[in-house]
Q: 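Sharing a structure, written as structure tokens. Questions coming.
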Number of protein chains: 2
Amino acid sequence: MILTEPSWDFYRTFLAVLQHGSLSAAARDLGLTQPTIGRHIDALEQAIGSELFTRSQQGLMPTDAALALKPYAETLASTSAALMRAASGARDTVSGVVRISASEVIGAEVLPPIIAAIQEAHPDLVVELSASDMVEDLLQREADIAVRMIAPSQDALLARHIGVIPLGLFAHRRYLDRYGTPEHLGDLGKHRLIGFDRQTAFVRAMMKRYPMLESPSFAFKSDHSIVLLNALRWGGGIGFCQVPLAKNNEDLVHVLPEIEISLDTWVAMHENLRSSPRCRVTFDALVAGLRNYLNPDTERNGR
Amino acid sequence: MILTEPSWDFYRTFLAVLQHGSLSAAARDLGLTQPTIGRHIDALEQAIGSELFTRSQQGLMPTDAALALKPYAETLASTSAALMRAASGARDTVSGVVRISASEVIGAEVLPPIIAAIQEAHPDLVVELSASDMVEDLLQREADIAVRMIAPSQDALLARHIGVIPLGLFAHRRYLDRYGTPEHLGDLGKHRLIGFDRQTAFVRAMMKRYPMLESPSFAFKSDHSIVLLNALRWGGGIGFCQVPLAKNNEDLVHVLPEIEISLDTWVAMHENLRSSPRCRVTFDALVAGLRNYLNPDTERNGR
DNA sequence: CACATGATATACAAAAATGCATGATCCTTA
DNA sequence: TAAGGATCATGCATTTTTGTATATCATGTG
């Protein structure tokens, strides 16, 4: 049997159905109609010679075959999105869309002023910021530029080392006034600790070093870093915080300063994007901004 | 202005035009007609808002914008091909297409018997072998499995270390009978040396170690490894050859055995493919076969 | 139990993409 | 210099794809 290559649009349809769980929902998402989506799936199944979904009236169940193809379809989608982004800017100007990926804390607390400064200098630059603690695979081009906490190990990556972000235990002054300040590690057992999920690189590193801080002792847990950070800021207890971040808030007190964890930080982007002005400018500005965040030597630490 | 996402098929057309250099040639390649291709390009240019080609009657010149988009389009194409390959095999059987990438010498001289053995055990397995000394980026999924000469440094890669392939200087007995056998490194200047291009990893490693073997002293050069290997086999001069390979040929004599270069060898594949039987089986068989090539300890070194 | 909601499948009309035929231009070659 | 070959552009008929409307079935709710 000869397989003629199916239309690439079918892959887009296929992914949408996979993501939305029904022909109708996929149709709404793509701006097409349900019969069209159904015919696309029919055609794709015919082209590859196996069933992709088991049809039922309340939706479609993906088969194993469909699930096996899903990562490829996702790569197609992110590559296509990256292509559109690359096409969005004129060649010799700093304009168009740049997509940045960073951890939640970095993305929410550190990057906004840096990005604002970039955009002040380059008004035509559009920034998409993906702030998530899930590891985004830079090579899938989900992001043009990534701020990462692990040393980039891939070949085609242009990476700049920012430095080591120290983390320490902090608490709000109000909390300490009320519950006292711990003097030794052992005192922590009597305190309200603010926890974190076990997914981020920083947590894994910490657990290795201070295994006594296991999750059972936490009084407040969330898988959302900003939630935890704000719990800390509102006096919810003692928790970890990036030291440079805490420095901006006079009410946060560094407790047990002998406990310290380091987050090695990098900015990485595709080598190909070096020649793209908008990516290059953003990359350089991110590197400079993050270094300034780490070591505010010059006095331009911005409002 | 709102950009509606263009049809993904346009990307395929775009890449074909880029690769073939004209609308007509791309049309022939894709099985469409030249006006259709032209309209696709028109539509794509309209969608992204910039010119992709400067039209002329003897072909199309890609603009800078088009060249910037090319890598993305290539990724789309290879991903789409990988998707088709992934779909080609039934789920629980060792069938369908596996694409292997290896260097020319490994691919042409070492792998064929190994692959033959695999296919003897699994008749429904179709193997595509890409034998090239260009580095194929495994993460672009151009190949499902790669035999590489550098340690895989990427995250999502399942890699197995094969061992170190030694390389040494060899010559055909006939050549040595006629021109004499070199006793010292300095003697090489009086001999016909068989050269190689400077692209492969092995060459770069060698040049570091034996800078005296610079290209000017070569009597025969080619950028094609098999050509060189065959020149050696036919008595064309003295050149490098993988030691295990030369062992199979009684007429090849190891000269100046103190000169030795090592090629560290790995087999790598995507972690996702671990659950694909055809890839998993091929991967394991390649690892076993290559290890046996390196150390034929058991006496099943096959015909 | 009736009814509203949301799902897929199908028939037919409308819209869009494609192919064909042709013309114009440029480069190569005899 | 003239002919041949290859290219892109354009008008028109045809094929293909898409949308609309409707039928049917399952599920959850008052």
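Just so we're on the same page: letters track the sequence lines, and every chain starts at 1.
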Q: Based on the rotation axes of five pairs at each end, what angle does the helix from C:dC1-D:dG30 to C:dA30-D:dT1 bend through, to 10°?
A: 20°
Q: Testing the basics here: between B:F14 and B:I41, what is the closest heavy-atom pair and its distance to 0.1 Å?
A: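 Where B:F14 meets B:I41 most closely, the heavy atoms are CA-CD1, 3.9 Å.
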Q: Just to verify, what does A:D124 make a salt bridge (charged side-chain N to carboxylate O under 4.0 Å, His left out) with, not counting sequence neighbours?
A: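 For A:D124, no residue satisfies salt bridge (charged side-chain N to carboxylate O under 4.0 Å, His left out) once neighbours in sequence are set aside.
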Q: Under 3.5 Å, sequence neighbours excluded: what are the donor-acceptor pairs made by side chains of residues 23-39 of chain B?
A:
residue, atom, partner, partner atom, Å
B:T33, OG1, B:T36, OG1, 3.1

Q: Output yes when a side-chain donor or acceptor of A:H20 lies under 3.5 Å from a complementary backbone atom of A:A16, and no otherwise.
A: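 Flag set: sc A:H20 to bb A:A16 pair under 3.5 Å.
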Q: If you apply the rule side-chain contact (heavy atoms from CB on, under 4.5 Å), what do you find for B:V281 with B:L125, and how did you get there?
A: CA-CA 10 Å; B:V281 163; B:L125 193 70; 5.6 Å; no
Q: Specify the separation, in whole Å, of atom CZ of B:R28 and atom C1' of C:dT18.
A: 18 Å
Q: Tell me the salt bridge (charged side-chain N to carboxylate O under 4.0 Å, His left out) pairs involving residues 11-27 of chain A, sequence neighbours left out?
A: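 Applying salt bridge (charged side-chain N to carboxylate O under 4.0 Å, His left out) to every pair that reaches into residues 11-27 of chain A, excluding sequence neighbours, yields A:D9-A:R12, A:R12-B:E5.
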Q: Please state how far atom CD in A:E45 lies from atom P in C:dT8, giving the value in whole angstrom units.
A: 13 Å
Q: Using the ring-ring contact (aromatic ring centres under 6.0 Å, His included) criterion, which residues pair with B:F283? Sequence neighbours excluded.
A: none
Q: Report the distance from atom NE2 of B:H40 to atom C1' of D:dT17, rounded to the nearest whole Å.
A: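 Answer to the nearest Å: 12 Å.
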Q: Is any side-chain N or O of B:T33 closer than 4.0 Å to OP1 or OP2 of C:dT18?
A: no
Q: Is there a side-chain contact (heavy atoms from CB on, under 4.5 Å) between B:L15 and B:E74 once you walk through the steps?
A: CA-CA 7 Å; B:L15 182 60; B:E74 286 169 338; 3.8 Å; yes
Q: Check whether any side-chain N or O of B:T36 sits under 4.0 Å from OP1 or OP2 of C:dG19, and answer yes or no.
A: yes
Q: Figure out the CG/C1' separation between B:L32 and D:dT15, and round it to whole Å.
A: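 B:L32 atom CG is separated from D:dT15 atom C1' by 14 Å.
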Q: What integer distance in Å separates A:F53:CZ from C:dT8:C1'?
A: 14 Å
Q: At under 4.0 Å, does any side-chain N or O of B:S22 touch on OP1 or OP2 of D:dT7?
A: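 Yes, within the criterion.
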Q: Rounding to a whole Å, what distance do you find between A:L30:CG and D:dT17:C1'?
A: 16 Å
Q: Please give, in whole Å, the distance from D:dA6 C1' to B:H20 NE2?
A: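 B:H20 atom NE2 is separated from D:dA6 atom C1' by 16 Å.
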Q: Can you tell me the distance, in whole Å, between the CD1 atom of B:I41 and the P atom of C:dA17?
A: 15 Å
Q: Has B:S101 got a side-chain atom pairing as donor or acceptor with B:A143's backbone, closer than 3.5 angstrom?
A: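 Looks like no, no N/O pair under 3.5 Å.
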Q: Would you list the protein and nucleotides 9-11 of chain C atom pairs, both N or O, that sit under 3.5 Å from each other?
A:
residue, atom, partner, partner atom, Å
C:dA9, N7, A:Q34, NE2, 2.9
C:dA9, N6, A:Q34, OE1, 3.1

